[in-house]
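Remarks on the structure that follows.
Here is the naming used below: chain letters follow the sequence lines, and residue numbers restart at 1 for every chain. These figures come from a predicted structure and were not determined experimentally.
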Amino acid sequence: MVVRTRFAPSPTGFIHVGSVYAAMLDYAFAKKHQGQFVLRIEDTDQKRLVKGAEERIYQGLEWLGLIPDESPKHGGPYGPYRQSERLEIYQKYARELVEKGHAYYCFCSPERLEKIRQEQKKKNQVPMYDRCCRRISLAEAQKRLARGERAVIRMKIPDNEKIVVPDLLRGEIVFDSRMIDDQVLIKSDGFPTYHLAVVVDDHLMKITHVVRGEEWLPSAPKHVLLYRYFGWKMPVLIHTPTLRNPDKSKLSKRQGHTSLDWYREQGFLPEALLNFLALLGWSHPEEKEIFSFDEFIKVFDLKDVSPIGPVFDLKKLEWMNGVYIRQKSDQELIGLLKPFLPQMTPEQISQAAPLIKERIRKLIEAADLLEFVWRRVDYDPEFLLQRGVTREQAREMLLKTKEIIEAVGVDNSEELQQKLLELIARKQWNTGAFFMVFRIAICGKKITPPIIESLPLLGHQEVLARLSLALEKLA
RNA sequence: GCCGCCAUCGUCUAGAGGCCUAGGACGCCACCCUUUCAAGGUGGAGAUCGCGGGUUCGAAUCCCGCUGGCGGCACCA
């Protein structure tokens, strides 16, 4: 059997990392079995549509390397892949259900529905439709429809039945049909609800494994019923755990970072994000922490994913990202760094990359570390006096350093280092203290890349100018 | 309120009856290296396996109950 999985986001703005988690599993599982990974756009809620959102989905997936085999953009044999272009299909299947007696037209107004919901809530009952319109005969319903009355189509839920939902990670989950509402399948605007659309599309698109967030678990029995009503074979259901905030609640903007774009903007690498996500709810058979996505595809299995909702630990992601950054070649890193350092020339970035490579965990941190390159960072004169260095000592240090640099320049780091070390030895200065004064005079900060190697980034003249400036401050 | 899912160090997890005086990783602490910060190296603290009952010669591992956390109860997905 050919494995087919799908990623089915709504184009409502941004890609949630929780969606990325599911998409990663979808993609990996499909590829593991030489199957196809399908992207379907679930745009059935006209009110929530956001322009440009679909484009962002393509960009996000491309950045991650999770390229769909079929999608609205790439095409494919089971299209269209945008639900808003499949309206007649849903209509047809909904009508089929009505004819078979598994669904019915409902003419209740939103106001009436709201009213009964309120009453039920007051009585501490589960808010549910009272099935009032089930009594209307099909003939009468069609008459009212012909008169132009607006209606929705609802599915009939059996009165008292145990409905079994098979979930790959949790086994069989039993639901009581009395707890399930007569779900709307077609809205009054003619659009399908999620429930009808997924079942119809997953079947028509020959999806074999449905990977989705566990928040869908409570509505799964409705889907089971629909498959039964249609007489279709169920795909394998996999409900993935919800990613959590540190307080265990569902991962939210309030406490964490939910948008894929944010991770990209911060300079997380896609391979690091994927590696990190893979380790949520799953572990490498050899307990490896760092592994490629290809290796993941090879060794993982969907059924080994744990249903425990994991806390999204940004600290660990940052560590992992640092590992991936250090694994990059200098050339690769230079390319990655460019968008984050618009103030620097390509030559400067090339020089700086090896200097900061093992000092950053996210690419965006490069800007902080290298700020001194394009800016003379201001500081108080007292800031120069670190580690017990007196004003007089600092002056002498900088004066002598200036003389040496005037003589040997800034581009031969080894020679400069040797000369400075000789100076330090001669004067019996504290090495650490000397370099700290020097560092602040040049960078205005205590935390910088190695100072001698950083000087060529500024050039001979600028280095001398900054030393002069520091000496003025001390005068 | 009702229904459902889940439960091992702070966090991610290993563990599928004896190999567990519970292993690894992140984070944290200390030391080493060192011109700052990192990186790297070494070591350390940190989990009576949510609680209570069983089953068993033996339970983190199996069963039941409880508690707790989370999720869902729309003409949103």
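- Taking 4.0 Å as the cut-off between side-chain N and carboxylate O, Glu365(A) and Arg359(A) do not count as a salt-bridged pair.
- G65(B) and G27(B): their C1' atoms are spaced 37 Å apart (whole Å).
- Here the side chain of Arg154(A) is nearest to one of C75(B), G69(B), C3(B), namely C75(B).
- Residues Glu289(A) and Lys47(A) both approach RNA chain B. Their nearest nucleotides, taken by heavy-atom distance, put Glu289(A) toward the 5′ side.
- Nearest-nucleotide positions on RNA chain B for Phe312(A) and Gly432(A) put Phe312(A) closer to the 5' end.
- Between A60(B) and G43(B), the two P atoms lie 29 Å apart (nearest whole Å).
- Residue contacts shown for Lys446(A) include a base, since a base heavy atom lies under 4.0 Å away.
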Item to complete: Show the numbers, then the answer: is there a side-chain contact (heavy atoms from CB on, under 4.5 Å) between Phe107(A) and Leu145(A)?
Response: CA-CA 9 Å; Phe107(A) 298 89; Leu145(A) 251 22; 3.5 Å; yes
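- The separation of G69(B) from A30(B), taken at their C1' atoms, amounts to 36 Å, rounded to a whole angstrom.
- Note on Lys187(A): a side-chain N or O is less than 4.0 Å away from OP1 or OP2 of A77(B).
- Atom CD of Glu88(A) has more than 12 heavy atoms from other residues, nucleotides or ligands within 6.0 Å.
- OP1 or OP2 of C26(B) has not a single side-chain nitrogen or oxygen of Arg361(A) nearer than 4.0 Å.
- Within the nucleic acid shown, Thr448(A) comes within 4.0 Å of at least one base atom, counting heavy atoms only.
- Side-chain N/O atoms of Thr242(A) include none lying less than 4.0 angstrom from OP1 or OP2 on G71(B).
- When the P atom is used for both C33(B) and C70(B), the distance is 48 Å, rounded to whole Å.
- The shortest distance between the side-chain N/O atoms of Lys250(A) and the OP1/OP2 oxygens of G72(B) is below 4.0 Å.
- Base pairing of A25(B): its partner is U11(B), meeting the Watson-Crick or G-U wobble criterion (both donor-acceptor distances under 3.5 Å).
- With a 4.5 Å cut-off on side-chain heavy atoms, Arg426(A) and Trp429(A) do not count as touching.
- For U11(B), one of the phosphate oxygens OP1 or OP2 lies less than 4.0 angstrom from a side-chain nitrogen or oxygen of Lys248(A).
- Counting non-hydrogen atoms under 4.0 angstrom, Trp282(A) reaches nothing in the nucleic acid.
- Rounded to a whole angstrom, the distance from the C1' atom of G50(B) to that of C6(B) is 12 Å.
- By the 5.5 angstrom centroid cut-off and the 30-degree plane limit, Trp319(A) is classified as not stacked against the base of C26(B).
- Spacing between G4(B) and G44(B) at atom P, rounded to whole Å, works out to 48 Å.
- Using a 4.0 Å heavy-atom distance criterion, Arg212(A) is classed as making no nucleic acid contact.
- Counting atom types as modelled, Glu287(A) pairs a side-chain N or O with a base atom of G23(B) as donor and acceptor under 3.5 Å.
- A distance of about 8 Å separates the C1' atoms of G15(B) and U61(B), rounded to the whole Å.
- The partner of G68(B) is C6(B), judged by Watson-Crick or G-U wobble contacts that both fall below 3.5 Å.
- Between Glu42(A) and Arg40(A) a salt bridge is recorded (basic side-chain N to carboxylate O distance below 4.0 Å).
- For C76(B), there is no paired base (Watson-Crick or G-U wobble, both distances below 3.5 Å).
- A distance of 12.0 Å separates NE2 of His284(A) from CG of Asp304(A), quoted to the nearest 0.5 Å.
- In terms of phosphate contacts, Thr12(A) brings no side-chain nitrogen or oxygen within less than 4.0 Å of OP1 or OP2 of C76(B).
- Judged by distance alone with a 3.5 Å cut-off, no donor-acceptor contact links the side chain of Arg170(A) to the base of C5(B).
- One finds a side-chain N or O of Arg326(A) lying less than 4.0 angstrom from the OP1 or OP2 phosphate oxygen of G40(B).
- Between Arg117(A) and Tyr129(A) there is no side-chain heavy-atom pair separated by less than 4.5 Å.
- The Thr193(A) side chain lies nearest to C75(B) when the options are A38(B), C75(B), G10(B).
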